[in-house]
Student: 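Starting off with a structure, shown below.
Just so you know, ligand 1 is whichever comes first in the structure, and atom 1 is the first atom listed for that ligand. Being a predicted model, the structure only gives us computed values, none of them experimental.
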Amino acid sequence: GVNLRGRSFLKLLDFTPQEIEYLIDLSINFKNMKMNGVPHKYLTGKNIVLLFEKTSTRTRCSFEVAGYDLGCGVTYLDPGSSQMGKKESIEDTARVLGRMYDGIEYRGFDQDLVQELADKSGVPVWNGLTDEFHPTQMIADLMTIKENFPQGLKGLKLTYMGDARNNMGNSLMVACAKMGMNFTACGPKELWPAEDLVETCKQIAAETGGSVTLTDDVDEGTKGANVIYTDIWVSMGEPDSVWEERIKLLSPYQVTTKVMDNAADDAIFMHCLPSFHDLQTTIGQDIYEKFGLKEMEVADEVFESKRSRVFDEAENRMHSIKAVIYATLK
Ligand code: CP
Ligand code: NVA
């Protein structure tokens with residue numbers, strides 16, 4: 001059987017398809033327990049710390065609720081409230097936190113930093129998003145896909161529209177390759193994933209029966225897809241100055257009803273959130289005033305449609321993060 005005790009969860013590339021499937025199924029079990037009111041304080045007496053160098057709603061709340069449900073003590077540290085990176089190195093921070101906590105969640109910039117925390121702290125470290133990867137999101141997403149396609153993940157076509165060079169594009173390409181799915185990145189060549197990662201994923205896909213396709217053709221890229229996925233056009237940590245170019249490059253790749261109609265009959269729409277499906281936020285209003293757009297990566301009518309699974313996906317973050325914490329700390 002699969003045993004992930006003591007392991008860090010930094011990127012899906014570190015895990016076998018069997019291990020990933022185990023985490024998906026464990027997430028579904030935890031969801032059932034929660035729905036049926038079955039208590040599961042399996043980690044009473046353990047403590048976890050959540051370090052965030054970028055903002056968050058879903059990931060932070062998922063780790064907190066999952067931790068409480070499992071019986072853990074939970075500490076949240078935002079970038080302003082610890083010494084890390086300012087007065088104290090990552091290495092020293094890791095060694096201190098490793099003395100007090102049983103597990104550490106980290107959201108930040110470089111993948112190297114989360115790796116260093118894992119190397120130096122001596123306890124499991126969970127990547128809550130870096131510039132390169134967002135692995136806990138992948139377990140929630142694969143779980144959501146499995147809920148909608150109970151026959152299994154193998155052979156399903158997932159098309160990711162938009163900025164395929166960001167953490168979501170990278171992570172979905174790896175996740176699909178690992179699970180024997182057919183991944184298509186549909187966007188401008190400038191925003192295709194890095195060649196070495198594409199090569200790695202193609203090799204993985206060759207073993208699992210999946211595939212990796214890159215295309216700038218919307219019609220071809222989305223045809224027959226079971227899942228249409230997109231993400232925000234500018235990610236956390238990128239300067240505001242890139243909006244203009246991204247809007248120019250990515251406007252043709254907006255997920256519209258026409259795109260959904262070109263996908264399979266049973267196609268679902270997914271998005272990790274937060275989303276600019278309408279611009280009713282402060283940043284959204286700035287963009288509206290500057291560029292005159294009303295919606296960005298996804299049309300509001302798709303986001304609000306029957307095919308949209310975005311809030312199931314958000315809920316599933318909590319169940320799947322619970323599975324990751326439990327599997328690595330049990
Ligand atoms: N999807 C996701 O990671 O959302 P947050 O940035 O709100 O955590
Ligand atoms: N690509 C987005 C994902 C947010 C969950 C970002 O990094 O901001």
Student: Are any of the N/O atoms in Arg107 less than 3.5 Å from those in ligand 2?
Tutor: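 Between Arg107 and ligand 2, no N or O pair is found under 3.5 Å apart.
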Student: Closer than 4.0 Å to some heavy atom of Asn166 - which atoms of ligand 2 meet that?
Tutor: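 Within the 4.0 Å cut-off of Asn166, ligand 2 contributes 1 (N).
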Student: Tell me whether the guanidinium CZ or amine NZ of Arg7 lies under 6.0 angstrom from the six-membered ring centre of Phe15 and within 45° of its axis.
Tutor: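 Yes, a cation-pi geometry holds between Arg7 and Phe15.
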Student: Who's touching ligand 1 if we go heavy atoms under 4.0 Å?
Tutor: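 Its neighbours under 4.0 Å (heavy atoms only) are Ser56, Thr57, Arg58, Thr59, Arg107, His134, Gln137, Cys272, Leu273, Arg317, given by chain and number.
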Student: Looking only at heavy atoms, what is the nearest atom pair of Arg307 and Ala267, with distance?
Tutor: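 So the two residues come closest at CG-O, 3.5 Å.
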Student: Return a yes/no value for Val234: is any of its N or O atoms, backbone included, closer than 3.5 angstrom to an N or O of ligand 2?
Tutor: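 Val234 vs ligand 2: no N/O contact under 3.5 Å.
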Student: Can you sort out which atoms of ligand 2 are near Met236, meaning under 4.0 Å from one of its heavy atoms?
Tutor: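 Answer for ligand 2: 6 (C), 7 (O), 8 (O).
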Student: Once you measure the plane-to-plane angle for His40 and Phe30, does it fall in the parallel (<30°), tilted (30-60°) or perpendicular (>60°) bin?
Tutor: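 Plane angle between 30° and 60°, so tilted.
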Student: Between Met181 and Leu153, which heavy-atom pair has the shortest distance, and what is it?
Tutor: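 Looks like CG-O, 3.1 Å.
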Student: Provide the number and element of each atom of ligand 2 under 4.0 Å from a heavy atom of Ser235.
Tutor: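 Taking each heavy atom of Ser235 in turn, ligand 2 has 1 (N), 2 (C), 6 (C), 7 (O), 8 (O) under 4.0 Å.
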Student: For Leu273, take its heavy atoms, then give the atoms of ligand 2 lying under 4.0 Å from any of them.
Tutor: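 Ligand 2 atoms under the 4.0 Å threshold to Leu273: 5 (C).
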Student: Do any nitrogen or oxygen atoms of His134 come within less than 3.5 Å of a nitrogen or oxygen of ligand 2?
Tutor: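 For ligand 2, there is no N or O atom that lies under 3.5 Å from one belonging to His134.
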Student: Around atom 7 (O) of ligand 2, find the nearest protein heavy atom and jot down its residue, atom name and distance.
Tutor: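 Scanning the protein heavy atoms, the shortest distance from atom 7 (O) of ligand 2 goes to Asn167 ND2, 2.8 Å.
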Student: Does the ring of Tyr76 carry Arg60 above it, NZ/CZ under 6.0 angstrom from centre and within 45° of its axis?
Tutor: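 Yes, cation above the ring, under 6.0 Å and within 45°.
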Student: Same cluster or not: are Leu249 and Val259 linked, directly or through other Ile, Leu, Val, Met, Phe, Trp or Tyr residues, by side-chain heavy atoms under 4.5 angstrom apart?
Tutor: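 Yes, same cluster.
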Student: Checking a contact table here: which protein heavy atom is nearest atom 3 (C) of ligand 2, and how many Å away?
Tutor: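 Nearest neighbour among protein heavy atoms for atom 3 (C) of ligand 2, to 0.1 Å: Asp231 OD2, 3.6 Å.
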Student: Do side-chain atoms of Glu244 reach the backbone of Phe291 as a donor and acceptor pair under 3.5 angstrom?
Tutor: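 Flag not set: sc Glu244 to bb Phe291 has no pair under 3.5 Å.
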Student: Can you classify the ring geometry of Trp243 versus Phe276 as parallel (below 30°), tilted (30 to 60°) or perpendicular (above 60°)?
Tutor: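 Answer is perpendicular, since the angle exceeds 60°.
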Student: Apply salt bridge (charged side-chain N to carboxylate O under 4.0 Å, His left out) to residues Glu313 and Arg58 and explain how you reach the verdict.
Tutor: CA-CA 10 Å; Glu313 211 181 335; Arg58 278 146 291 271; over 6 Å; no
Student: Checking Glu147 against Asn316: is there a side-chain donor and acceptor pair closer than 3.5 Å?
Tutor: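 Yes.
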Student: Where does Thr59 meet ligand 2, judged by heavy-atom distances below 4.0 Å: at the side chain, the backbone, both, or neither?
Tutor: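 Neither; no heavy atom under 4.0 Å.
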Student: When you measure from the side chain of Asn170 to the backbone N and O of Glu132, does any donor-acceptor pair fall under 3.5 Å?
Tutor: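 Confirmed, Asn170 side chain pairs with Glu132 backbone.
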Student: How does Asp131 reach ligand 2, if at all, at less than 4.0 Å between non-hydrogen atoms: by side chain, backbone, both, or neither?
Tutor: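 It is neither; nothing of Asp131 touches ligand 2.
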Student: Show every donor-acceptor pair shorter than 3.5 Å between a side-chain atom in residues 193-202 and any protein atom, with sequence neighbours excluded, or say none if there are none.
Tutor:
| from | atom 1 | to | atom 2 | distance (Å) |
| --- | --- | --- | --- | --- |
| Thr200 | OG1 | Asp196 | O | 2.9 |

Student: How far is atom 4 (C) of ligand 2 from its nearest protein heavy atom, and which residue and atom name does that atom have?
Tutor: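 Result: Leu129 CD1, 3.9 Å.
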